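Since this is a predicted model, take the numbers as computed values, not measurements. In each ligand, atom 1 is the first atom listed, and ligand 1 is the first ligand listed. Hydrogens, waters and symmetry mates are skipped; everything else that's a heavy atom, side chains included, is used.
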Amino acid sequence: MNVLLTGGAGYIGSHTAVVLSQLGHQVILYDNLSNSSCIVLEKLAQIAGRKIPFVKGDVRDTGLLSNVLASYEINAVVHFAGLKAVGESAQKPIDYYTNNVQGTISLLQAMQLRGIKTIVFSSSATVYGEPRYLPLDENHPTNATNPYGRTKLHVEEMLRDVVTSDSQWRIACLRYFNPVGAHESGLIGESPCGAPNNLMPYIVQVAAGQRAKLEVFGGDYPTPDGTGVRDYIHVMDLAEGHAATLNLLSQTTGWHAINLGTGKGYSVLDMIQAFEKASGRQVPYEVVARRAGDVAECFAYPNKARELLNMTARRTLNEMCASAWRFQQSIQFE
Ligand code: NAD
Ligand code: UFG
């Protein structure tokens, strides 16, 4: 299959490119490099053993997208491109709506023009908002609590309308929980521009001595150790979930929302401890006030992915931490 990955130079897109290309798909990356760099293209070539075609472009450029879809004879699109920082989305909502919502409209227009009707969309567990019950299954009510989450929800709903209007479309909204870790080679991984917003990249930078200590946001949650609990999933398991989803969509039409998580929750202190063990480094930390908008616990009911995609996240917490550390060391000694 010829698959276009928008945002393919980013963290999850690059790992998915590896998996798809190893399965024999022809992968084309499309990215404006606003949160990634060309360096990843060299690393991908090293891992895949061949160059992966790349087009520098913005998803809001419908004309360019439409040309790329035609010239590479694309059969399906995996749509990762977008902005993803929850805090920033409250400061810059217009940027978030244009990149995430307008960007998706532009992509759908280009796809419609070319008669391409298969799309996998990067959604997020954030669409569930404050959990009313746990674990979160796909029938849990949606209620985003920040502009980033609302862009994901708007796109999910838009995609549902598209399927209602034309039953030939094949659409999956993958609701990621917390992706962490890196490819086992250590060549690609998560390297945020500026200070990390998320826990794992922050822990990595503290362990590497780039930051003095980790601030643990809240020690008084109603959780076993008082710190926030999340469902961390290895990025390679997540990437494999995309391959399984394309397989599903090759056999079925319609709109599908599917959780990608492990079903297991780990606290911030669990993560620190696991990382220290995997890296052999200390992660100094201080418990500070809660971060606004955080929930106490969030983890998936992952059975739909198991049933529909035949997929179970199999990599351990130790592999998540060890691979993230391997990647950090590879960029540190470059
Ligand atoms: P990332 O920032 O590493 O990758 C996104 C890529 O999209 C970047 O390479 C960026 O340059 C590109 N991009 C952004 N706006 C673009 C535009 N207008 N046109 C073209 N390219 C553009 O992020 P990621 O962690 O790989 O996330 C991928 C997707 O998954 C995003 O849509 C994100 O919202 C979603 N998601 C991520 C997480 C997470 O914790 N990483 C969790 C849930 C959902
Ligand atoms: N945390 C800290 N210190 C930090 C960073 C995070 O204690 O410096 C804590 C948070 O309070 C939370 C946990 O670590 O308890 C995880 O926080 P992250 O920021 O890594 O992840 P979130 O669960 O808040 O959000 C992430 C993505 C969202 C996505 C969501 C899906 O940032 O885009 O996962 O579950 F929607």
Side-chain angles (χ1 to χ4, degrees), residues 5-16 29-37 40 55-61 64-65 78-87 89 95-96 98-100 102-104 106-107 121-129 131 136 144-146 148-149 151-152 155 174-180 189-193 195-203 205-206 211 213-219 221 223 227-233 235 238-239 259-261 265-269 271-272 285-300:
L5 307 190
T6 73
Y11 173 46
I12 304 170
S14 56
H15 290 81
T16 304
L29 310 181
Y30 184 96
D31 200 302
N32 68 0
L33 301 181
S34 60
N35 197 36
S36 49
S37 129
V40 79
V55 177
K56 185 171 180 200
D58 196 291
V59 279
R60 290 163 292 184
D61 187 342
L64 178 60
L65 263 178
V78 185
H79 182 34
F80 297 102
L83 304 181
K84 62 165 183 175
V86 173
S89 75
D95 287 358
Y96 275 70
T98 58
N99 273 279
N100 297 5
Q102 189 187 326
T104 307
S106 161
L107 172 63
F121 171 61
S122 293
S123 189
S124 166
T126 198
V127 299
Y128 296 120
L136 291 159
T145 54
N146 55 68
Y148 166 71
T151 66
K152 293 294 176 191
V155 171
L174 297 181
R175 295 175 175 165
Y176 309 155
F177 280 69
N178 293 53
V180 294
E190 184 171 21
S191 50
C193 305
N197 294 302
N198 298 114
L199 179 65
M200 183 61 121
Y202 212 105
I203 288 182
Q205 293 191 4
V206 172
R211 296 183 187 277
K213 63 172 188 239
L214 172 77
E215 289 190 332
V216 175
F217 299 139
Y221 283 110
T223 59
T227 66
V229 167
R230 295 290 183 278
D231 185 336
Y232 298 92
I233 176 169
V235 68
L238 195 76
N259 285 341
L260 290 186
Y266 289 106
S267 74
V268 178
L269 298 185
M271 296 302 287
I272 295 172
Y285 68 88
E286 182 189 355
V287 178
V288 300
R290 293 179 181 192
R291 182 171 66 178
D294 271 355
V295 301
E297 285 190 279
C298 175
F299 52 92

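The distance criterion of under 3.5 Å between nitrogen or oxygen atoms is not met by Thr126 with respect to ligand 2. Ligand 2 has an N or O atom lying under 3.5 Å from an N or O atom of Leu199, backbone or side chain. Residue-to-ligand polar distances keep Tyr176 apart from ligand 1: every N/O pair is separated by 3.5 Å or more. At under 3.5 Å, a nitrogen or oxygen of Ser36, whether backbone or side chain, sits near a nitrogen or oxygen of ligand 1. Between Ser123 and ligand 1, no N or O atom pair is found at a separation short of 3.5 Å. For ligand 1, the polar-atom distance check finds no N/O of Phe177 at less than 3.5 Å from any of the ligand's N/O atoms. Considering both main-chain and side-chain atoms, Ser124 never comes within under 3.5 Å of ligand 1 through any nitrogen or oxygen pair. For ligand 1, one of its N or O atoms has an N or O atom of Asp31 under 3.5 Å away.
Under the 30°/60° scheme for interplanar angles, the aromatic rings of Tyr96 and Tyr148 are found to stand perpendicular.
Using modelled atom types and a 3.5 Å distance limit, the side chains of Asn259 and Tyr128 yield a donor-acceptor pair.
Shown in contact with Ala125 at under 4.0 Å from a heavy atom are these atoms of ligand 2, numbered in order with element: 31 (C), 35 (O). Close approach to Val216 involves these atoms of ligand 2, each under 4.0 Å from a residue heavy atom: 7 (O). Close contacts between ligand 2 and Tyr148 involve ligand atoms 33 (O), 36 (F) [criterion: under 4.0 Å to a heavy atom]. Near Ser124, the atoms of ligand 2 lying under 4.0 angstrom from a non-hydrogen atom of the residue are 29 (C), 31 (C), 36 (F).
A cation-pi arrangement, defined by a distance under 6.0 Å to the six-membered ring centre and an angle within 45 degrees of its axis, is present between Arg211 and Tyr202. For the pair Arg230 and Tyr266, the cation does not sit on the ring face, since its NZ or CZ is not both under 6.0 Å from the ring centre and inside 45° of the axis.
With a 4.0 Å cut-off on non-hydrogen atoms, Val268 touches ligand 2 through its side chain and not its backbone. Contact annotation for Asp294 and ligand 2: only side-chain heavy atoms (C-beta onward) come within less than 4.0 Å of the ligand. Of all the heavy atoms of Met271, none lies under 4.0 Å from any atom of ligand 2, so neither backbone nor side chain is involved. With a 4.0 Å heavy-atom cut-off, ligand 2 is reached by no atom of Asp231. Neither the backbone nor the side chain of Thr126 has any atom closer than 4.0 Å to an atom of ligand 1 (non-hydrogen atoms only).
The two residues Val206 and Leu214 come nearest to each other via the heavy atoms CG2-N, 3.8 Å. What you find for Gly261 and Ala300 is that their closest heavy atoms are CA-CB, 4.2 Å. For Val40 against Ala9, the heavy-atom pair with the smallest separation is CG1-O, 3.5 Å. For the pair Gln102 and Thr98, the tightest heavy-atom approach, listed with the atom from each and the gap, is CB-O, 3.0 Å. Considering every non-hydrogen atom in both Pro201 and Pro196, the closest pair reads CB-CB, 3.8 Å. When all heavy atoms of Asn35 and Lys84 are compared, the closest pair comes out as ND2-CE, 4.3 Å.
Protein heavy atom closest to atom 25 (O) of ligand 1, with residue, atom name and distance, is Lys84 NZ, 2.8 Å. Among protein heavy atoms, atom 4 (O) of ligand 1 sits closest to Gly10 CA, 3.5 Å. From the protein, the heavy atom lying nearest to atom 2 (O) of ligand 1 is Asn35 ND2, 2.7 Å. Of all protein heavy atoms, the one closest to atom 3 (O) of ligand 1 is Tyr11 N, 2.8 Å. Of the protein's non-hydrogen atoms, the one nearest atom 31 (C) of ligand 1 is Phe80 O, 3.1 Å. Nearest non-hydrogen protein atom to atom 18 (P) of ligand 2 is Asn198 ND2, 3.5 Å. From the protein, the heavy atom lying nearest to atom 5 (C) of ligand 1 is Gly82 O, 4.0 Å. Here the heavy atom of the protein found nearest to atom 18 (N) of ligand 1 is Asn99 OD1, 2.7 Å. Among protein heavy atoms, atom 26 (O) of ligand 1 sits closest to Ile12 N, 2.8 Å.
Across the listed options Pro179, Ser191, Ser14, Pro179 owns the non-hydrogen atom lying nearest to atom 39 (C) of ligand 1. The heavy atom nearest to atom 5 (C) of ligand 2, out of those in Phe217, Tyr202, Tyr221, is found in Phe217. The option with the heavy atom closest to atom 15 (O) of ligand 2, from among Gly219, Pro196, Gly228, Ala85, is Gly228. Summarising the contacts of atom 17 (O) of ligand 2 with Arg291, Arg230, Met200, the nearest heavy atom is found in Arg291. The residue among Thr6, Leu65, Asn32 with a heavy atom at the shortest distance from atom 20 (C) of ligand 1 is Asn32.
Ligand 2 is approached by Tyr232 to a heavy-atom distance shorter than 4.0 Å. In this structure, Lys152 counts as a contact residue of ligand 1, since one of its heavy atoms falls inside 4.0 Å of the ligand. Within the structure, the closest approach of Gly103 to ligand 1 does not fall below 4.0 Å when heavy atoms are considered. Using a 4.0 Å heavy-atom cutoff, Tyr30 is absent from the residues neighbouring ligand 1.
Within 6.0 Å of the OH atom in Tyr285, the count of heavy atoms belonging to other residues, nucleotides or ligands does not exceed 12.
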